Every structure is written in C-alpha cells, then in structure tokens.
Amino acid sequence: MLCLVSPSSSPTPLPPPRRSRSHADRAAPPGIAGGGNVRLSVLSVQCKARRSGVLKVKSKFATAATVQEDKTMATAKGDVDHLPIYDPDPKLEIFKDHFRYRMKRFLEQIGSIEENEGSLESFSKGYLKFGINTNEDGTVYREWAPAAQEAELIGDFNDWNGANHKMEKDKFGVWSIKIDHVKGKPAIPHNSKVKFRFLHGGVWVDRIPALIRYATVDASKFGAPYDGVHWDPPASERYTFKHPRPSKPAAPRIYEAHVGMSGEKPAVSTYREFADNVLPRIRANNYNTVQLMAVMEHSYYASFGYHVTNFFAVSSRSGTPEDLKYLVDKAHSLGLRVLMDVVHSHASNNVTDGLNGYDVGQSTQESYFHAGDRGYHKLWDSRLFNYANWEVLRFLLSNLRYWLDEFMFDGFRFDGVTSMLYHHHGINVGFTGNYQEYFSLDTAVDAVVYMMLANHLMHKLLPEATVVAGDVSRMPVLCRPVDEGGVGFDYRLAMAIPDRWIDYLKNKDDSEWSMGEIAHTLTNRRYTEKCIAYAESHDQSIVGDKTIAFLLMDKEMYTGMSDLQPASPTIDRGIALQKMIHFITMALGGDGYLNFMGNEFGHPEWIDFPREGNNWSYDKCRRQWSLVDTDHLRYKYMNAFDQAMNALDERFSFLSSSKQIVSDMNDEEKVIVFERGDLVFVFNFHPKKTYEGYKVGCDLPGKYRVALDSDALVFGGNGRVGHDVDHFTSPEGVPGVPETNFNNRPNSFKVLSPPRTCVAYYRVDEAGAGRRLHAKAETGKTSPAESIDVKASGASSKEDKEATAGGKKGWKFARQPSDQDTK
C-alpha cells in the first residue's frame, strides 16, 4: 500500500523615551495581519461558488535574516530616511519618523557599546565578568547592586560569615571581590552554596547572585526558598560536546516539549531521561527541531517556566547543567536542532530567591526593573525590565550568549513579545490591524531596540540561529532583518490559527464550518514575514481547556480507543478531524510547523501542574506514551499520520516553498483545494458526502498520483482512495488567460474525495521515472527516491507494524512496490 511517495564598566545609559494566556496573549481577530492591505490573503469569506477566485500566496522571502556587519555599517553611515522595509509596504512610510527614531536609537546604542565596551560581542560576554568566575590565580565575583551600602560574599566556604569577604563598589554600582586560591584550589568549592549579602537602609539581606548558574531547593521543606549553588565542575566532570550543530533546515518542523512532564510516571522527569527516551521518538516522527520549555530556573513549577527566578541557572528539578548539555548533544547527534524558550519579557516577583530581590525601592536607573506601576505586570503578577539601563542590556544579552555558547542551543523562542512591544502590554487591547496601533507613543521603543540588539547579536554570533517571536499583535516588520529596519526575528508564531480551531470545535456544528474562513485564517500573514503554524500548543491544553483530540472525542477516549472493536461515530469523526486539522495547518498555515509533546498521537485530557488546588497531583502533568505504544489502541494511527506529514515535507519541501495557491474554497461541498510547492492538496471536510470525479485545478500538466492519504488503513482510515491510480490532467481554457481556466488554473484532473479525508498528490516525473527504472534494470537496485511507505497494511500483521525507533515501537518507513498497494 502506497501511503507516502517520494519524487525523483558602565557609562550613562541612553535616555529612555517616555502566562496562562492573558489578554496580552490573545490572537488578533481573524482578518488582521498587522495591517490590512499587506497580508497574503485576498479572498472573500463567502466562497460558495465552485469556481472560486484564486488565493495566491507567493511570498518572496528574503534569505535568512542574518545581519551582516557590512550591511549594518552601511545603514549606520547611510540614510535611514529610506529603509528597505518601505519597498514592499509603502504604507509604512507614513510612520517614517518612528522608524527613523528607533533605527537611530539602535545605531546610537551599538555605537555607545562599541565605544565603551569594545564591541557588542565583548559586551555580551558579561557572564564571564559578572557572577562567580574562576581564573588561574583566584575567584572573582562581581554583582551590580547600586542600591547596596555595604556588601559581602557568604556561603559554605566561609561558614556564612562574610566578615573576611567584604566587597568593594565602583562608581557604576558594581561590587567586586577577588578571593585567592587555597593550596592551589578555588576557595569556593564546586557545588557549594553561596549568597550575596548586602546592607540597605540599615538592614542586611541575603540574595542569590544574579548570574548564578545553578540553584537548588530542599524539597522536603514546603515553600522553602532556593539556594544559589556555585557550579564549576572539574574538567573530569564537565560535559564535553561531541557532535556539531545540525545545519539550519529550510523549514523548521518543531516539537515543543517540557522536560519535567515528559515522563509517564507521576513525577518530574530528568534531562537524561528525556534525551534517552523522548528524543528518539521525536526523531522517529521526522521533526527536525526541538523547542524546550521551562529551562531557566523557576521556583514555581506550575508557572510552566514563565516566572523565571534565576536566568542563568538550568531548572534543577530535572538535573544539572551537565545533564542539560548531554540532552542538547544527544539531540544534535540525531540531527535535531534545539531551541530554548527564553523569557525576557518579565521576571518572577520572588524576592528571596529571584532577581526581584535586588529591587529594594531604589530608582529605576539603579534597578533591573521599572519603578512603580510601570515595573509591574498586573495580570502576570511579575516584574518588568527597564530595557534602557546599561546593565540590564548587558544582563539580558549575556544571558542569550550564555545559553548559545555554553549549552550549544541553536536559537530561541522569545515569550511574551507582545508585552514587550507596547507600554500597555496588550492588556485589554484589541488589535484591528490599523498601523497606528503599532507605531505610536504606545510603542515601547526601549524594548524594541533591545530586541533589535538581541537579534543582531545572535545572527552575528550564529548566522544559522533560529529566533521565533511569540507575538499576537502581528506588528509589521517584526520578522524583517534589522539592517532593513525590522526587529530581526526569523519567524513569528501564527497564534490566530489555534484560536480559530478552538472556536470551531467548541462553538460550531460541522455544517457551519466555513472553508473560506479556514483558508483565510491559515493564509492571513504578512508578505515577506515568516510564520510558524500550529493547530495547538501547550497553551491550548492547560488546566481549564483540552487538547484538540479531547475536544473531539472527550470521554469516549476512555472507552472507545480499542482497535479490537468498531469505532463509534464520535471516535471515527475525532480521528479523521484530528488528522485533517493538523495537516491543513501544516500545509497551508505558515513557513514552519509546531506540535506540542503528545499531541501528535492525540494525547487526551489536559495539563495541570501539581498545586494546592489539585492536591499536588502529577496525574495530569505527564505524557502517557503507553497509549501510543499499545498496539491495539487507535492512538497509533494519529501518530503514524504525524510521522507521514513530516516525512512528506522532508521529501517535497513544501513548507519552504513560496508557491502557495488556494483555488477552491467550497462552503457548500466543504472542500478546500490548494497547491503548495509541487503538491496539490484536497481536503473534504463534509461529514457524509463522497465526491467521485471531483475536478481539481493545478498548474502543471502531466500525471498525478497519491503522495499522502489520511484515509489509508495504516492511518485508521477506510482505504477508499486508490493509490495505484494515475490521474491525467486536461488543459483548461486558453493558455495564459486565467479567466478562461478552471478556478484560474490552466490544468485539471479528477479525484475521488471521501468525507473527512485529505489527500496530497504529486506530479510524476516521467523522465526521472524512466531514468530510475533504467538504473534499476542495470544495477538490480531500487532507487532511494522511488517510493516511501509506512510498512503496514491496516490491522493484519503486528510484526509488520512494529519497528524500533530509539528502542520504542514506531512505524517504519520503507520502500514498497506498487503491487502491494491496498487498492
């Protein structure tokens, strides 16, 4: 059966200008793409006619947003009055004063850093200057705490008595001390506890060093604060990376994961367990990127890692820094790139063990955070950074470089970007797409300049870095290179897409689903700015909500998932729509794809971290891998289809293609037809109707065959689509005259389209096929590009279905001749 076929010292700072998802994290309404006329879609939501207008999405994306130094310097020396961002979007010129101001601010900040620190690269090595660092003749500790009147370093090494370890303060508020080695060894032993003790207002307070690299807590004491731990293992205990970073893929297929909840046992899982048990699953499902949540230390586990207390420390719940390095290296060995969720939008308001402990009521110029209301996020109950402060810039930029250099991460997903972009933080603000909403006095230019610096730095240090913005406002040019006048992110998350699916599943009957509205939501993105599409992430399944699979099948998932009994109508519908929703999101929704851990096989229920409200239970804070590993349960079908979706892109590279044309959005027949790259996709959302001889428009003439079929038996379908059928095209109308063509496509072919199915077709390269057959006849070998299949034929043979992928059951992709097709 053919299921998947292959083709052939600090100066004065520049003067500033004036998590569950909050309102600040809500997606803009559908139809808003950061400014009306510059979106990719130009279709009408009312699309009942069969011969609907063509929706073309032919993005001319620039090459990777690597900010070359010569380009930046050219911009610095040149005229910032006309930036490249105006060329594709002339309406931005109305806000030329805004862009001129923020670009000049960026260039001035770069110049000031270079004048006072040597270079931005040197400036970003702050983690080698601040915090505790050991050199040949001693240990040096530096801490920025301008509000402190006296300071000393205390810890296990001096029995918590700092009388002999007083620190000195310079004119910039930086305290420092150098401690000589004792008998040739560092005075502060590795893995020993330390704290920064300082005097303010006649009171001595103890705080964890701001750049501590490890922090632990006594789990036996309820509510105990974290302790700072000096992490500096000897060479024999320090992890050494063995594998290089994988090359940057043309399109990221991202597996979003939370290490702590990645095990099946009701407990916190470790970095090494994740590396050994989960990474092979991710690789087997053909993802090329892993995005790790909750890496930075956070004292409150249920914050999902978004209330960070210690920015340079790995979360000790899951292991040590060396354990995390092992995870990243293991991922690289499997060809997986690793992104890290970075939270620079706010910080935990914890005083005893968090960065907020350094705020003792001083002015904002002497603090990491803004003073008063401006420094507090009322919905997140957290502190907000003052991005205009010199040492805040050093702290945050050094934080990024630390994770890149020390842990070999391949990039970041910036959380809470909307909150950073605006003084109102997006709270109770509905973005309509009017440009005035993005470029006004509400824009937080300090934060924008910081993000420009961050993206400029990361792409300079690691040209192949991938940096993703979590922004729901869809600010224009957020994902254009800095040297063009943009903010410099590579991608933004397409956060309106999951909201559309949740709305449909909760509030609309299947007959009310609008094909035009679905296509519009999926294609409504800004020209030349890349998006990561996703049907659901961790956001959609946190406590109070459900995964898509659970919304579809609900309580029947507890009793109806056995393959030993016929599927109920609810289960049949649920599995079919689970596959269709995720596939159309991937194929039409963006330039990359993201899936949250477990959703690839339809993980049931929801996520709920242990807390007082659930009696500190871990039951909903784990992943039940046994569901997909149990051969007689239907979860295997959804997992196999996820594998095949990713394999399809691996072979055809449709995600990175700029060719995207929607030719049919039929609300009456519930069909969407579109082309992406070299593939033609047909989605039939109708709950009952099968269309025989359904006419499908396409670009190139020739012979088309099935590339991927959601109705295949191996994916839990009914096997109604013939995989050995050749679909020959017919010309439509006058060549070169779109209005005479079928749905504005010059060719067409006919297909069988059963209800609630999706099929991708590829054009057969006849010349290439002939060459492969000739080579096969001469060598007696099958060409590697001949065909790919999931080696199974429904529920007939258990041994045919089981394959080892990293020690786990999986679906094995193997070449299979056409005479073994199901039909």
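Worth saying up front: this structure is predicted, and the values here are computed from it rather than measured. All residue numbers in this chain count up from 1 along the given sequence.
- Note: I532 CD1 to M586 CE = 11.0 Å, rounded to the nearest 0.5 Å.
- Atom CG of L552 is separated from atom CZ of R573 by 5.5 Å, given to the nearest 0.5 angstrom.
- Heavy-atom contacts from other residues, nucleotides or ligands closer than 6.0 Å to CD of E692 number 12 or fewer.
- Between the side chains of D341 and Q291, at least one donor N or O sits under 3.5 Å from an acceptor N or O.
- The backbone N or O of E669 sits less than 3.5 Å from a side-chain atom of N666, completing a donor-acceptor pair.
- Residues meeting the ring pair (Phe, Tyr, Trp, His ring centres under 6.0 Å) test with W513, sequence neighbours left out: Y504, F685.
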Evaluation steps, side chain to side chain contact (heavy atoms under 4.5 Å, CB included), between H538 and M293: CA-CA 10 Å; H538 68 277; M293 305 173 61; 3.6 Å; yes
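- Every residue meeting the ring pair (Phe, Tyr, Trp, His ring centres under 6.0 Å) condition with F641, not counting sequence neighbours, appears here in chain and number order: F583, F715.
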Side chain to side chain contact (heavy atoms under 4.5 Å, CB included) evaluation trace for V721 with V706: CA-CA 9 Å; V721 177; V706 171; 4.0 Å; yes
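- K248 places a side-chain heavy atom less than 4.5 Å from the side chain of D490.
- Note on D699 versus R763: no salt bridge recorded, every NZ/NE/NH1/NH2 to OD/OE distance being 4.0 Å or above.
- Judged as a side-chain hydrogen bond (donor to acceptor under 3.5 Å, both in side chains), and not counting sequence neighbours, the contacts of D711 are R720.
- Side-chain rings of Y762 and Y704 stay apart, their centers remaining 6.0 Å or farther from each other.
- In summary, R705 and D726 engage in a salt bridge, as defined by a charged side-chain N under 4.0 Å from a carboxylate O.
- Under 3.5 Å, the side chains of Y761 and D709 contain no donor-acceptor pair of N or O atoms.
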Residues R651, D649; criterion salt bridge (charged side-chain N to carboxylate O under 4.0 Å, His left out); working and verdict: CA-CA 5 Å; R651 286 297 185 182; D649 180 61; over 6 Å; no
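- Between F414 atom CZ and L339 atom CG the span is 11.5 Å, to the nearest 0.5 Å.
- Remark: side-chain polar atoms of S657 are not paired, donor with acceptor, to backbone N or O of F654 under 3.5 angstrom.
- Between the side chain of D591 and the backbone N or O of C531, at least one donor-acceptor pair lies under 3.5 Å.
- Residues meeting the side-chain hydrogen bond (donor to acceptor under 3.5 Å, both in side chains) test with Y255, sequence neighbours left out: E600.
- Judged purely by atom type and a 3.5 angstrom limit, R745 has no side-chain atom pairing as donor or acceptor with the backbone of S663.
- Across all their heavy atoms, P476 and E529 have their closest contact at C-OE2, 3.7 Å.
- Side-chain polar atoms of H686 and D510 form no donor-acceptor pair below 3.5 angstrom.
- For the side chain to side chain contact (heavy atoms under 4.5 Å, CB included) with E536, the qualifying choice from I548, I581, T585, L551 is I548, the only one to do so.
- At least one donor-acceptor pair under 3.5 Å links the side chain of S710 to the backbone N or O of C758.
- Atom CZ of R676 is separated from atom OG of S658 by 9.0 Å, given to the nearest 0.5 angstrom.
- No hydrogens or angles considered: nothing links the side chains of T521 and W501 as a donor-acceptor pair under 3.5 Å.
- Distance alone, capped at 3.5 Å, is enough to place a donor-acceptor pair between the H582 side chain and the Q578 backbone.
- Counting only distance, with no hydrogens or angles, the side chain of R525 and the backbone of L522 share a donor-acceptor pair below 3.5 Å.
- Evaluation of the ring pair (Phe, Tyr, Trp, His ring centres under 6.0 Å) rule for H603 yields F601 as partners, not counting sequence neighbours.
- E675 and K659 are joined by a salt bridge, as a carboxylate oxygen and a charged side-chain nitrogen come within less than 4.0 angstrom of each other.
- Side-chain contact, N639 with N285: a donor N or O sits under 3.5 Å from an acceptor N or O.
- Judged by distance alone, the side chain of D664 and the main-chain N or O of N743 form no donor-acceptor pair under 3.5 Å.
- With sequence neighbours excluded, the residues forming a side-chain contact (heavy atoms from CB on, under 4.5 Å) with P731 are N747, listed by chain and number.
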Would you give me the side-chain donor-acceptor pairs under 3.5 Å for residues 748-755, sequence neighbours excluded?
from, atom 1, to, atom 2, distance (Å)
S748, OG, E732, OE2, 2.7

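- A search for side-chain contact (heavy atoms from CB on, under 4.5 Å) contacts involving N288 returns P249, P252, R253, not counting sequence neighbours.
- Annotation: side-chain contact (heavy atoms from CB on, under 4.5 Å) contacts of I85 (sequence neighbours excluded): L83, L92, F99, V477, R480, E484.
- One distance of note links CG of L594 with CD1 of I497; it measures 11.0 Å at 0.5 Å rounding.
- Annotation: the span from I661 atom CD1 to C698 atom SG amounts to 10.5 Å, rounded to 0.5 Å.
- Among residues two or more places apart in sequence or in another chain, the ring pair (Phe, Tyr, Trp, His ring centres under 6.0 Å) test is passed with F674 by F681, F683.
- Panel note: side chain Q643, backbone A284; a donor-acceptor pair is recorded below 3.5 Å.
- Annotation: salt bridge (Lys or Arg N to Asp or Glu O under 4.0 Å) contacts involving residues 580-590, sequence neighbours excluded, are absent.
- Applying the side-chain contact (heavy atoms from CB on, under 4.5 Å) rule to R283 yields the partners N286, L334, L336; only residues at least two apart in sequence or on another chain are considered.
- At a cut-off of 3.5 Å, with distance as the only test, no side-chain donor of Y637 or D642 sits close to an acceptor on the other residue.
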